[in-house]
Each structure stands twice: as C-alpha cells, then as structure tokens.
S.K.: 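Structure in structure tokens, see below.
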Amino acid sequence: MTLTIYNTMTRKKEPFETLDPGKVRLYVCGPTVYDKAHVGHAMSSIVFDVIRRYLEYKEYDVQHVMNYTDVDDKVILRAQDLGVDPLDLAEQYIDEYDQHLKELNILPAHVFPRVSTEIETIISVIKGLVDKGYAYDVDGDVYFRVAKDEDYGRLSRRVLEDMRAGARLGIDDRKEDPADFALWKAGKPGEPTWESPWGPGRPGWHIECSAMSLHHLGDQIDIHGGGNDLIFPHHENEIAQSESYTGKPFARYWVHNGMMQLSGEDMSKSTGNVFTIEQFLGKFDADVLRLLILNASYRSPLTYNEDVIEQAAHALERLKGGLRSASPLPDLDPSEAATLTQAAEQARIGFETAMDDDFNSAGALGHLFELVRAINEARTAGIDEENLGAAQDVLCKLAGVFGLSLTPKDQLDAEAAPFIDLLLEIRRELRTAKQWELSDRIRDRLSELGISLEDGKGGTVWRVH
RNA sequence: GGCGACGUAGCCAAGUGGUAAGGCAGGGGUCUGCAAAACCCUUAUGCGCGGGUUCGAAUCCCGCCGUCGCCUCCA
C-alpha cells in the first residue's frame with residue numbers, strides 16, 4: 001500500500017516519495033516559548049508525533065527536528081514585563097515543554113535546536129543571501145528582498161501586489177518593498193544581541209527555521225510541518241530564504257495541522273478554562289487528549305470543549321476495556337479463535353489503509369474499536385488466554401502507533417491491594433450469606449474511593465476507575 | 001476587501017460517483033441477588049438550503065444561507 005500525504009503546496013494528496021529511499025527528514029516548527037503552552041500546542045506536537053510513529057511503523061528511518069523559538073519579540077516583551085532575563089524566561093518554558101512532551105508520550109525529536117544556539121548558522125545563511133543579492137542591510141537591519149524571489153507567495157497562494165496593498169503596519173520606508181521581511185534586527189537596549197557583520201542584533205523570526213533545517217537536515221527535507229497558521233508568512237518566508245540560499249527545492253511535502261478552537265468567551269466557559277497542557281493533565285489522562293485529537297482529521301479545525309473531552313475519556317475506557325484478561329470456558333467453539341484472528345487481521349489492514357490515506361486517524365480509530373468489540377465478544381464466548389492475547393497484541397501495537405499507552409490510571413500503592421482483597425473476601429462471605437445490604441455497602445464505598453467491583457462468573461475483580 | 005476551509009444523528013466524527021464507519025449519550029433486552037462491565041437489538045430513507053449533471057450524488061457543477069481561519073504576534 002502506498003502512503004499519500006496532503007501537500008499544502010499543491011493542495012492535493014500526493015503519493016509519498018522520499019528523497020532517500022527509506023529515510024524521512026522531518027522538520028516541525030515548535031513553539032515560541034514566552035508563556036505556558038496550551039492544548040493547541042500539544043495538538044501540533046501530537047499530530048506530528050503520530051505522523052512520525054506511523055512512518056516508523058512503516059519502517060522509515062525518521063530524522064525529526066523540532067525547534068524552540070527562544071529569541072523573539074514576544075519573549076522579550078514578556079521578560080521585560082516580568083523584569084527577568086529573556087533567555088532565562090525562555091529556558092524555563094523550554095524545560096516545561098520538554099516535560100509536557102514526556103507526559104504526553106511524545107517521542108522526543110532527535111534534535112531540539114534553539115535560536116540562541118544556532119546564531120552562527122543563521123548569520124552565515126543571512127550572509128549568503130546578502131551575497132547573492134537576495135537580502136540587503138539598512139542601519140543594522142537586514143531584509144529579504146521579496147521582489148527578487150519570483151516564486152514568492154506560492155505556498156500561501158498570495159499575490160505580492162495584494163500583500164503590498166494590504167500592508168497593515170506602518171510602512172517602514174527604509175525597506176525597498178513593504179513586503180520585505182527582516183532577517184536580522186539591530187539590537188535595542190535590553191534585548192539579547194549577538195555580534196554580526198551588520199552590527200550587534202538578533203535574528204528575525206523566519207530565518208531560524210531555514211537555518212536550523214539546513215544545519216541539521218541538509219539542503220532538502222521531506223516533510224515540513226507546523227500549524228496552518230504558519231503557512232503565511234512564516235513558511236512562505238522559509239521557502240523564500242532556503243531556496244534562494246541553496247538554489248534547490250526546500251521541502252517536498254508541506255503538512256499543516258488545523259487549529260484547536262480555543263478563543264472566545266464561550267470556549268473558556270465551556271472548558272472551565274482548561275487551556276494549558278498543565279491544566280489538562282491535572283484533570284485528564286494524556287491518552288484522552290490524544291483520542292480527542294485522533295478522532296478528527298488533523299487538517300480540520302478541532303472543536304475543544306468539555307463535552308468532547310468527556311466523550312474522549314469514555315472512548316478511552318472502551319479501548320482499555322479491550323485489554324481485560326480472558327475468562328476461558330472449557331466448552332469453547334473452536335471457530336471463535338479463527339474469527340478473532342481474522343478480526344484482528346482485518347483491523348490491522350483497515351487501520352493501515354486509513355492511515356495510508358493522509359493519516360486518516362479517525363477512520364483508523366474506527367477499526368480499533370471494531371477490534372475491541374471482536375475481542376470482547378471472544379472473551380465473553382470464553383476464548384483462551386493465548387488467542388485473546390494475540391488479538392490484544394495487535395490492538396496494543398496499533399494503539400501504539402497512535403501513541404496511546406492504554407495503561408490504567410496511577411495504580412494505587414501496591415500496599416493497598418491486600419486490603420482491597422481482604423474486603424472482597426469478606427464481601428464474598430456476606431454475599432454467600434445473602435447479606436446484600438452490607439456487601440453493597442462495601443461495593444459503594446470502594447467505588448467512592450475509586451475502585452470498581454465487577455462480579456463475574458469466576459469471582460469478583462476490581463480495578464481503579 | 002483578498003485568499004482559504006468547513007456545514008453528515010442529541011454530541012464528536014469517517015466517508016470525494018454505487019446506496020450512510022466508529023465513539024459518546026439515549027431507548028429496549030441478555031447476564032446479575034441488585035449493580036457494574038460485556039454482549040445483542042435500536043437511534044440520519046438521510047448528509048445546511050435550492051437547482052442541475054448522472055442509470056445512480058453526502059460525494060461533481062451552479063446559486064444561496066451559515067460557521068470559522070489567515071492576510072507579516074500565533075501550533
């Protein structure tokens with residue numbers, strides 16, 4: 001089966017072909033670290049994590065780079081407000097985001113470059129652009145000469161003329177063209193600055209990604225990702241910079257995730273202000289956020305509200321339910337095993353077919369649930385552990401492509417288990433004696449403490465809910 | 001104003017020409033002492049509205065209505 005990927009550049013799904021066979025160079029634009037990260041940032045990281053996991057599932061060797069923008073207007077402004085050093089502030093949020101990536105079970109990129117550690121490359125790229133006539137300096141600033149790039153605007157399908165007419169900010173008449181953008185900004189007091197051929201200053205926003213991608217992945221990459229809010233101007237400008245500098249096509253596939261709908265007062269009410277990743281993880285499992293995202297197309301805007309979170313939480317319970325252990329019965333119809341094996345195989349094929357179609361995770365998820373049902377049916381029929389386990393392995397492997405851990409919530413201390421078992425033992429005797437009131441009280445009280453009891457044919461099992 | 005998305009059941013959502021996946025919620029049932037979980041049945045003759053093309057349309061075309069994003073701060 002062939003993987004097809006929607007390419008923002010062509011606005012079409014295209015068969016996926018890599019520059020080097022079996023190897024994928026993946027660059028994803030990471031956050032500007034000026035504040036706590038919110039679930040929208042998590043969405044982007046999760047989307048590209050799943051893309052990476054699926055590529056690796058298909059046995060591609062993926063080289064993944066994600067940057068942190070630690071030098072930027074927003075960081076500087078925020079630091080000035082707080083009266084702290086901008087780089088320290090950035091460092092703090094980078095640490096936090098690193099932690100979030102772990103908690104969200106996102107595979108770490110192979111390289112996490114930052115502006116502050118890539119100044120050398122950035123300056124040499126800017127220098128190259130100036131030498132080739134694609135950039136010019138004015139009073140310590142360096143601007144990209146948009147007019148010199150005849151392809152400018154082809155990713156966002158914008159016409160240069162319209163952009164000039166629509167220029168909103170005060171026109172800076174030191175620029176040759178209102179559409180020209182900054183590669184290097186002359187330093188101002190209180191800002192972090194570095195020495196450069198144009199005097200002390202700092203990089204503009206767009207140049208960092210061109211430079212980092214070039215530095216860590218080479219002149220050309222397979223996939224460049226980010227939120228669709230970055231298409232213009234950020235990615236458009238990256239293309240202009242990179243291609244003007246190398247003279248080669250930059251990224252083969254431009255992949256953009258849709259925005260999580262977070263703005264507006266209605267939204268803050270409906271979510272109880274669970275916006276930051278920290279807040280979300282304080283209340284819900286990381287798998288819930290994954291499921292919420294994977295249930296929809298990565299390219300579409302995503303509804304984010306309390307209902308949807310609840311639904312995802314319930315859906316997660318159902319998925320986990322598929323992993324419960326067998327309760328084998330002796331008089332099993334032998335065809336059950338064959339039926340289950342076939343269901344697992346169908347789920348695998350369905351999953352891959354969906355994912356091959358531009359990472360259709362919602363379609364793929366449907367196949368996971370179908371497998372869960374088949375597993376549950378087989379368990380009810382009394383299938384043996386080995387056959388059930390084989391199907392559950394398929395479920396886990398496919399769920400793993402989604403980065404779902406499906407692990408139970410923080411299990412109680414191991415010390416609690418014997419006491420729960422003791423209560424169950426007493427309850428069993430009470431039930432034998434038909435002391436329903438007392439036995440139900442144990443069940444109800446345990447439930448309040450977060451332990452669910454399930455009375456089955458083989459006895460009572462408990463789990464944390 | 002320019003560019004671009006989207007509108008499928010109570011909610012989320014897949015599905016780009018062949019007769020509507022999946023999840024959540026709801027209803028009925030099996031199991032159970034009662035529950036829970038699980039399983040079975042059930043919930044859109046219908047895909048924003050109106051036309052058109054076609055043997056056949058959620059899917060293609062035209063118009064209208066509505067929601068949203070971007071237009072040099074943004075994952």
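Chain letters run A, B, ... following the sequence lines, proteins first, then strands; residues in each count from 1. Keep in mind that the numbers below use all heavy atoms, side chains included, and drop hydrogens, waters and symmetry copies.
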S.K.: S156(A) side chain N/O closer than 4.0 Å to the phosphate oxygens (OP1, OP2) of rC71(B)?
M.R.: no
S.K.: If we call it a pair only when both distances are under 3.5 Å in a Watson-Crick or G-U wobble match, what pairs with rU53(B)?
M.R.: none
S.K.: Would you indicate, yes or no, if rA14(B) has its OP1 or OP2 atom less than 4.0 angstrom from a side-chain nitrogen or oxygen of N295(A)?
M.R.: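 No, no such contact exists.
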S.K.: Assign S447(A) to base, sugar-phosphate, or nothing according to its heavy-atom contacts below 4.0 angstrom with the strands shown.
M.R.: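 Since no nucleic acid heavy atom lies under 4.0 Å of S447(A), the category is nothing.
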S.K.: Counting only side-chain N and O atoms of R158(A), is one of them less than 4.0 Å from OP1 or OP2 of rU72(B)?
M.R.: no
S.K.: For E150(A), is the CD atom crowded, meaning more than 12 foreign heavy atoms sit under 6.0 Å from it?
M.R.: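 Counting neighbours around CD of E150(A), 12 or fewer heavy atoms of other residues, nucleotides or ligands fall under 6.0 Å, so no.
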S.K.: When both hydrogen-bonding distances must be under 3.5 Å and the geometry is Watson-Crick or G-U wobble, what is rU32(B) paired with, if anything?
M.R.: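 Here rU32(B) is not engaged in any pair, so there is no nucleotide opposite it.
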S.K.: Under a 3.5 Å cut-off for both distances, is rG26(B) Watson-Crick or wobble paired, and to whom?
M.R.: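 Result: rU42(B).
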S.K.: Closer than 4.0 Å, any side-chain N/O of H41(A) to the OP1 or OP2 of rA75(B)?
M.R.: yes
S.K.: Within the structure, does a side-chain N or O atom of H367(A) lie under 4.0 Å from either OP1 or OP2 of rA21(B)?
M.R.: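 Looking at the OP1 and OP2 atoms of rA21(B), neither is under 4.0 Å from any side-chain N or O of H367(A).
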S.K.: Using only atom types and a distance under 3.5 Å, with no angle test, would you say the side chain of R379(A) pairs donor to acceptor with the backbone of A326(A)?
M.R.: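 No; judged by distance alone, with no hydrogens or angles, the pair does not exist.
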S.K.: Find the partner of rU72(B): check Watson-Crick (N1-N3 plus N6-O4 or O6-N4) and G-U wobble (N1-O2, O6-N3) distances, both under 3.5 Å, and reply none if neither fits.
M.R.: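 The base-pairing partner of rU72(B), which may sit in any strand shown, does not exist here.
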S.K.: Hey, would you say the H235(A) and H256(A) ring centroids sit under 6.0 Å apart?
M.R.: yes
S.K.: Counting only Watson-Crick pairs (N1-N3 plus N6-O4 or O6-N4) and G-U wobbles (N1-O2, O6-N3), all under 3.5 Å, who is the partner of rG17(B)?
M.R.: none
